[in-house]
Amino acid sequence: MTVDRPLYADCSAPIELRVSDLLSRMTIEEKIGQMWQSAFIREDAEELIQNGQVGSFIWADTAYAGNEKQQSVAAARVNYLQRIAVEKSRLGIPLLFARDVIHGHRTVGPIPLGQAATWNPEVARNVARMAAREAASDGIRWTFAPMMDIARDPRWGRVAEGYGEDPYLAGEMAAATVRGFQGEDLAATDSLLACSKHYVGYGAAEGGRDYNTAEITPNTLQNIYLPPFHATVKAGVGSFMASFNEIGGEPVTANRALLTEKLKKDWGFDGFVVSDWNAVCELIEHGVAEGPKQAAELATNAGLDMEMASTSFRDTLPELLKEGLVSEETIDEAVRRLLRAKFRLGLFENPYTDETMGERVKLAPEHVTWARDAVRQSIILLKNQRGLLPLAKVGKRLGVFGPLIEAQAPLFGTWTLDGDENDVVKILDAVRSTVADPEAIRHSTLTDEALEMARWCDRVVAVVGESGNRSGEDHCTTNIDLPPGQQAVLEALVRMGKPLVVVVIAGRPLALEWVMEHADAVLYCFHGGVQTGPGLADVLFGDFNPTGRLPISLPRSVGQIPVYYNHKNTGRPLPKGGDRTRYIDSPDSPLIPFGFGLSYSLVSYDNLQIAELGEQRFKVSSTVKNNSDRETTEVVQLYIRDRFSKITRPVKELKGFARVSLQPGEQKTVEFDLGPEQLGYYGPGGKSIVEPGDFDVWIGWNSDQGMVGSLTVRA
Ligand code: GLC
């Protein structure tokens with residue numbers, strides 16, 4: 001006798017048929033239940049689940065989850081709740097458990113800004129892949145990442161969570177992160193549904209103050225803030241998160257033009273959109289809704305599919321339906337998208353988590369290797385006077401000083417919910433295990449001891465910077481200098497007259513004018529997670545030739561903000577290299593430009609070639625040569641400038657990059673394709689426009705230096 005199973009339970013049926021079948025069986029209350037994500041595991045959780053009144057849970061205690069220890073998540077607890085949904089509710093729709101798994105779960109990798117400093121999408125994919133395996137083993141199947149908010153203001157604490165100032169680099173890193181989280185098969189039990197956030201413009205918060213107004217022109221929105229999100233739609237991201245901010249008077253949470261017209265219709269996104277924490281009811285604070293009911297009406301009609309934390313959907317959608325203010329078609333479209341994601345995740349076939357998986361995957365050797373490799377590649381060599389670096393492992397007496405040399409949790413970086421600080425290898429320990437004779441090291445976190453010890457040393461490494469909790473959500477600063485007192489320590493060490501390496505650990509760009517002038521060598525290391533120490537030691541002692549490049553400009557001072565490379569020329573540009581400056585008290589240029597990074601090798605560029613292929617397509621190439629006896633990887637960068645167009649274009653735009661490994665003495669030719677996708681811009685309404693005319697083209701080693709050529713685009 002065949003059991004009459006409903007179509008939606010038949011895993012051999014097409015997902016769209018399963019969605020439609022299930023939708024047709026649902027009551028309005030069950031549909032609205034799917035549109036709500038409950039924060040925390042409330043006392044009435046089991047009842048809500050059994051009644052089909054909730055579709056998802058987020059495991060996070062507070063909205064500032066990025067910097068506070070969280071309740072841990074355990075597969076057994078998840079399975080317990082899931083069993084109620086699958087076996088006791090009327091339709092057995094599985095729950096979707098979510099968490100902010102941003103740059104690792106138990107094996108914590110570099111913060112996304114550090115991953116961007118690698119200019120290597122493979123690193124981002126690996127960090128996301130290991131995070132997915134480990135988080136899924138705890139029952140999490142949806143993460144609220146990648147975050148790809150373009151950030152031009154280091155005062156904004158969440159600059160740590162994104163990929164810097166450039167849309168192309170951010171898009172490449174975010175798309176790779178989506179692929180890492182979602183894996184080859186989203187239905188695999190070690191895949192996480194990724195979530196592109198915060199859509200859109202959150203990083204433009206005025207004053208670098210979190211949650212603040214974002215004044216963005218349509219042209220800047222189309223050409224700077226939207227492209228990274230579009231890249232993730234092309235990469236197959238399964239969900240989006242609407243941002244807290246308003247743009248031009250319209251909060252994104254209730255912005256139909258963005259949530260439906262642009263995202264779902266123009267880009268063809270078939271996943272779902274979740275609000276940010278309480279953001280639906282925050283429409284009341286924004287002043288566009290008089291209460292939860294109007295907030296729910298505005299958000300659902302704009303195309304928001306799920307409400308996180310607040311309960312306006314649960315509480316008011318039945319009434320809004322009755323009053324015809326929200327149609328059942330709108331509800332059905334939202335629920336269709338939510339169910340589609342659950343079917344794609346395979347939750348109906350595999351709703352439960354293997355509770356033995358965690359011990360096998362957490363801190364797996366491959367994950368620790370990936371984490372260390374990510375740190376190594378993220379470190380940026382900013383200065384190396386007289387070839388002080390790499391340091392010798394033998395025969396030299398070394399001082400290791402500063403407040404972070406024995407830090408553990410501070411090296412995690414923001415948004416680390418499931419890391420164990422005991423997994424963090426201390427920088428001092430990593431240095432000790434690298435040098436031949438640990439006795440040849442003196443170390444202290446205390447300034448007075450450091451100065452006395454420095455007299456004995458041949459070289460000094462000072463590790464300064466921020467703890468991970470100084471950046472992240474709602475952790476904005478009015479100051480981007482080193483934390484108070486640290487420069488004084490460095491000044492005292494400089495007076496000791498020993499060769500000084502300064503290692504800066506940070507979650508944001510810091511103002512380092514004095515450091516760059518007085519230190520002999522400078523390494524920049526965004527918070528790197530569990531393997532910060534080993535990765536740093538690999539670079540310090542030459543086991544890894546640094547390849548990191550700045551994903552964001554380093555300002556000279558907070559007064560210079562915003563300073564970014566892809567700025568407009570204005571009607572009164574200053575001549576390059578001239579002595580005139582717009583500020584009467586500072587040069588205009590950033591301290592260090594976007595894309596900058598040195599290595600222990602000397603790489604030369606030559607023979608820029610631009611070949612026209614027809615139909616507005618070109619092949620751009622140059623040779624790069626490693627003029628050293630040390631293997632290296634060069635990050636070759638391609639920039640363009642449209643000299644004349646109907647709208648003003650940036651003085652430079654990154655349109656390609658390639659990591660080129662070079663053996664000692666080796667020379668390679670690097671090629672890039674340029675076509676309408678790269679040469680055009682988004683005009684009104686997001687229409688892609690390529691204007692015939694002349695372009696400058698650079699192949700360079702950063703946004704400020706390179707070989708320049710030109711091309712002409714024909715009509
Ligand atoms: C927070 C953040 C968002 C996070 C969400 C859940 O307020 O803005 O990035 O994913 O709430 O913790």
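When a residue number appears, it is its place in the shown sequence, counting from 1. As the structure lists them, so they are numbered: ligands from 1, and atoms in each ligand from 1.
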Peer 1: With atoms numbered from 1 as shown, which atoms in ligand 1 lie under 4.0 angstrom from a non-hydrogen atom of Glu473?
Peer 2: 1 (C), 2 (C), 7 (O), 8 (O)
Peer 1: If we set the cut-off at 4.0 Å for heavy atoms, which region of His198 has an atom near ligand 1: side chain, backbone, both, or neither?
Peer 2: side chain
Peer 1: Can you confirm whether the side chains of Asn469 and His475 place a donor and an acceptor under 3.5 Å from each other?
Peer 2: no
Peer 1: Will you find, in the side chains of Asn120 and Glu122, an N or O donor that is under 3.5 Å from an N or O acceptor?
Peer 2: no
Peer 1: Among Asp210, Val101, Asp100, whose heavy atom sits nearest atom 10 (O) of ligand 1?
Peer 2: Asp100
Peer 1: Please indicate whether any nitrogen or oxygen in Trp415 is less than 3.5 Å from any nitrogen or oxygen in ligand 1.
Peer 2: no
Peer 1: Taking the inter-plane angle between the rings of Tyr202 and His198 on a 0 to 90° scale, is it parallel (under 30°), tilted (30 to 60°) or perpendicular (over 60°)?
Peer 2: perpendicular
Peer 1: Give the single entry among Val274, Asp474, Leu417, Asp276 that approaches atom 3 (C) of ligand 1 most closely by any heavy atom.
Peer 2: Asp276
Peer 1: Under 4.0 Å, heavy-atom basis, I'd like to know which part of Glu161 is in contact with ligand 1: side chain, backbone, both or neither.
Peer 2: neither
Peer 1: May I ask you to list the atoms of ligand 1 that are less than 4.0 angstrom from any heavy atom of Phe144?
Peer 2: 10 (O)
Peer 1: Does either side chain, that of Glu466 or that of Ser471, offer a donor lying less than 3.5 Å from an acceptor on the other one?
Peer 2: no
Peer 1: So if I count the atoms of ligand 1 from 1 in the order they appear, which ones are less than 4.0 Å from some heavy atom of Lys197?
Peer 2: 3 (C), 4 (C), 9 (O), 10 (O)
Peer 1: Ring centres under 6.0 Å, that's the criterion: do Phe594 and Tyr564 meet it?
Peer 2: no
Peer 1: With atoms numbered from 1 as shown, which atoms in ligand 1 lie under 4.0 angstrom from a non-hydrogen atom of Phe244?
Peer 2: 7 (O), 8 (O)
Peer 1: Taking Asn245 for the side chain and Ala214 for the main chain, is one N or O donor matched with an acceptor at less than 3.5 Å?
Peer 2: no
Peer 1: For ligand 1, which atoms, with element, lie under 4.0 Å from some heavy atom of Ile58?
Peer 2: 6 (C), 12 (O)
Peer 1: Between Phe272 and Trp142, is the ring centre distance below 6.0 Å?
Peer 2: yes
